[in-house]
Undergrad: 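Got a structure for you, questions after.
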Amino acid sequence: MRLSQSLIPTLKETPAEAQIASHRLMLRAGLVRQMASGIYAWLPAGLRVLNKISAIVREEQAAAGAQELLMPTIQSADLWRESGRYEAYGKEMLRITDRHERDLLYGPTNEEMITSIMRESVKSYRELPQNLYHIQWKFRDEVRPRFGVLRGREFLMKDGYGFDLDYAGALLTYKKMMLAYMRTFQRIGITAIPMRADTGQIGGDLSHEFHILAPTGESGVFYDATFEAGDPAAAADVETFYEQMTTIYAATDEKHDLAAWEKIPDERRREGRGIEVGQIFYFGKKYSESMNFTVTGHDGTKIFPEMGSYGIGVSRLAGAIIEARHDEAGIIWPDAIAPFRAAILNLRQGDAATDKICNELHEKLGADCLYDDREERAGAKFAEADLMGHPWQIIAGPRGAANGQVELKRRATGERLELSVADALAKVMS
RNA sequence: CGGGGCGUGGCGCAGCCUGGUAGCGCGCUUGUUUUGGGUACAAGAGGCCCCCGGUUCGAAUCCGGGCGCCCCGACCA
């Protein structure tokens with residue numbers, strides 16, 4: 001993609017409303033624009049991030065046996081009256097009336113809807129277990145939206161719902177989802193820690209939140225340093241994995257257990273701030289019972305399926321990652337979800353040898369690279385590339401172009417290498 | 001929902017107290033210059049001063065009402 005023909009409106013100065021790093025950088029790097037309080041438009045580069053996160057989520061959900069569907073954003077109030085949450089949910093729910101005076105709402109979550117879909121079609125124990133998810137925009141009318149996309153009112157969430165015949169099955173689904181989540185976060189390139197959590201509006205009795213560590217996080221977190229070492233998803237099987245995840249200490253301030261904390265050796269105690277990027281719940285028959293969803297068991301009796309729900313804040317992740325990975329110059333994207341894997345900086349637009357090298361690079365690297373072909377000073381190009389946080393920068397100028405050399409810069413480390421065009425390409429694509 | 005603040009070209013801000021017809025920096029356009037870390041000079045374009053009403057000969061400025069946005073706290077993927 002050529003920068004000269006792209007809508008990537010970077011800002012030299014920080015808009016006054018942005019207080020925290022991720023918000024400032026998302027605006028400055030041209031990823032998002034605010035359209036109303038807590039409501040954002042995702043510009044082309046920002047959308048690429050959302051799409052890359054979603055793609056990884058999809059792959060890991062598929063690997064865990066979950067099926068993707070797509071439910072609407074607008075829901076009927078009647079559905080929510082069945083579960084009793086239409087009244088219970090309060091002002092966070094955006095309520096809408098259509099031209100026929102029917103009560104609708106913009107979905108803050110989808111337990112009722114998925115249960116309704118399942119109960120229409122699933123009648124036999126033979127059809128369970130099933131696990132379904134979608135990636136869809138949600139709306140929660142927060143009292144005070146803030147921190148850019150970290151606490152928006154409209155946000156993109158992956159929400160999944162598991163249906164099992166019994167507690168054992170539901171617990172296994174819960175464990176599988178925890179594993180899928182840890183793999184997802186790992187592939188995205190961040191460290192997330194599962195922490196025991198309250199169940200809030202969703203209800204139920206077993207829940208974990210996944211936090212990524214960042215000094216500006218909204219929750220205080222306490223954890224055993226063991227989480228920082230090794231590969232959390234490397235366990236031989238899901239039971240071993242779950243055992244490890246739930247025996248090593250980790251809790252948010254709400255659930256912090258001083259007695260357990262003090263048993264951990266001093267040097268392994270870690271205290272910090274966390275940003276919640278996902279949460280999983282087991283809540284049993286809460287919705288199957290209230291909404292009368294049953295399947296017939298092999299002995300002919302009716303069974304209320306056991307349920308759980310599984311959420312990842314996709315749009316929040318985009319902000320949270322920046323919060324965890326940036327410096328004074330800008331964003332430091334992990335390779336897996338950077339809007340562009342590499343940027344080509346043409347330091348002398350119009351210099352024949354330089355242009356030739358850049359065009360060749362652009363062609364070979366394809367759509368996942370951004371070619372800065374603008375008529376700008378070198379300094380401006382460097383500054384903007386650092387701001388946007390491309391994992392790799394390929395810097396081409398007349399100095400090196402004469403003998404076929406370019407400079408390759410790694411954003412995360414600042415490391416630079418003088419390489420031939422072919423070697424630079426090989427490194428970026430590996 | 002309690003407390004505080006802000007709204008002036010695209011962005012960051014000054015002007016408001018003490019009313020007299022809008023200014024600075026960045027960005028944008030054109031030309032020259034510069035050419036490896038946000039270059040310099042020159043000439044331009046661009047503003048219902050958030051909205052409505054009031055006071056006044058005259059309102060960005062004073063008064064009343066409304067809307068929007070931000071920050072702190074309580075609440076939340």
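Lettering of chains follows the sequences in order, A, B, ..., and the numbering in each one begins at 1. If you're wondering where the values come from, they're calculated on a predicted model, not measured in any experiment.
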Undergrad: A/Arg144 CZ to B/G5 P: how many Å, rounded?
TA: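 Nearest whole value for this atom pair: 15 Å.
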
Undergrad: When you check the phosphate oxygens OP1 and OP2 of B/G68, does a side-chain N or O of A/Ser37 lie under 4.0 Å from one of them?
TA: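 False: A/Ser37 side-chain N/O out of range (4.0 Å or more) of B/G68 OP1/OP2.
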
Undergrad: Taking for each residue the nucleotide of RNA chain B with the nearest heavy atom, is it A/Gly38 or A/Gly400 whose nucleotide lies nearer the 5' end?
TA: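 In this pair, the answer is A/Gly400.
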
Undergrad: Reading RNA chain B from 5' onward, which residue's closest nucleotide shows up sooner: A/Ala396 or A/Glu17?
TA: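 Final value for this comparison: A/Ala396.
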
Undergrad: Quick check: any donor-acceptor pair below 3.5 Å linking the side-chain of A/Glu13 to the base of B/G27?
TA: no

Undergrad: Looking at A/Trp392, is A/Arg410 sitting on its ring face, NZ or CZ under 6.0 Å from the six-membered ring centre and within 45 degrees of the normal?
TA: yes

Undergrad: Both distances under 3.5 Å, Watson-Crick or G-U wobble: report the partner of B/C69, or none.
TA: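 When the pairing criteria are applied, B/G5 turns out to be the nucleotide that pairs with B/C69.
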
Undergrad: Assess whether a salt bridge exists between A/Glu415 and A/Lys409, defined as any Lys/Arg side-chain N lying under 4.0 Å from an Asp/Glu carboxylate O.
TA: no

Undergrad: Counting only side-chain nitrogens and oxygens, does A/Lys12 get under 4.0 Å of the OP1 or OP2 atom of B/C26?
TA: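 A/Lys12 to B/C26 OP1/OP2: no side-chain N or O under 4.0 Å.
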
Undergrad: Any side-chain heavy-atom pair from A/Val122 and A/Phe293 closer than 4.5 angstrom?
TA: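 A side-chain contact exists here, since the closest heavy-atom pair is under 4.5 Å.
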
Undergrad: Side-chain N or O of A/Gln349 versus OP1/OP2 of B/U35: is the shortest distance under 4.0 Å?
TA: no

Undergrad: Determine whether the side chains of A/Asn131 and A/Tyr161 contain a donor N or O and an acceptor N or O closer than 3.5 Å.
TA: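 There is no such pair (donor and acceptor under 3.5 Å, judged by atom type) between the side chains of A/Asn131 and A/Tyr161.
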
Undergrad: Tell me which nucleotide, if any, is Watson-Crick or G-U wobble paired with B/C75 when both distances must be under 3.5 Å.
TA: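 Because no pair has both required distances under 3.5 Å, B/C75 counts as unpaired.
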
Undergrad: Paired with B/U29 by Watson-Crick or G-U wobble geometry, both distances under 3.5 Å: which nucleotide is it?
TA: B/A43

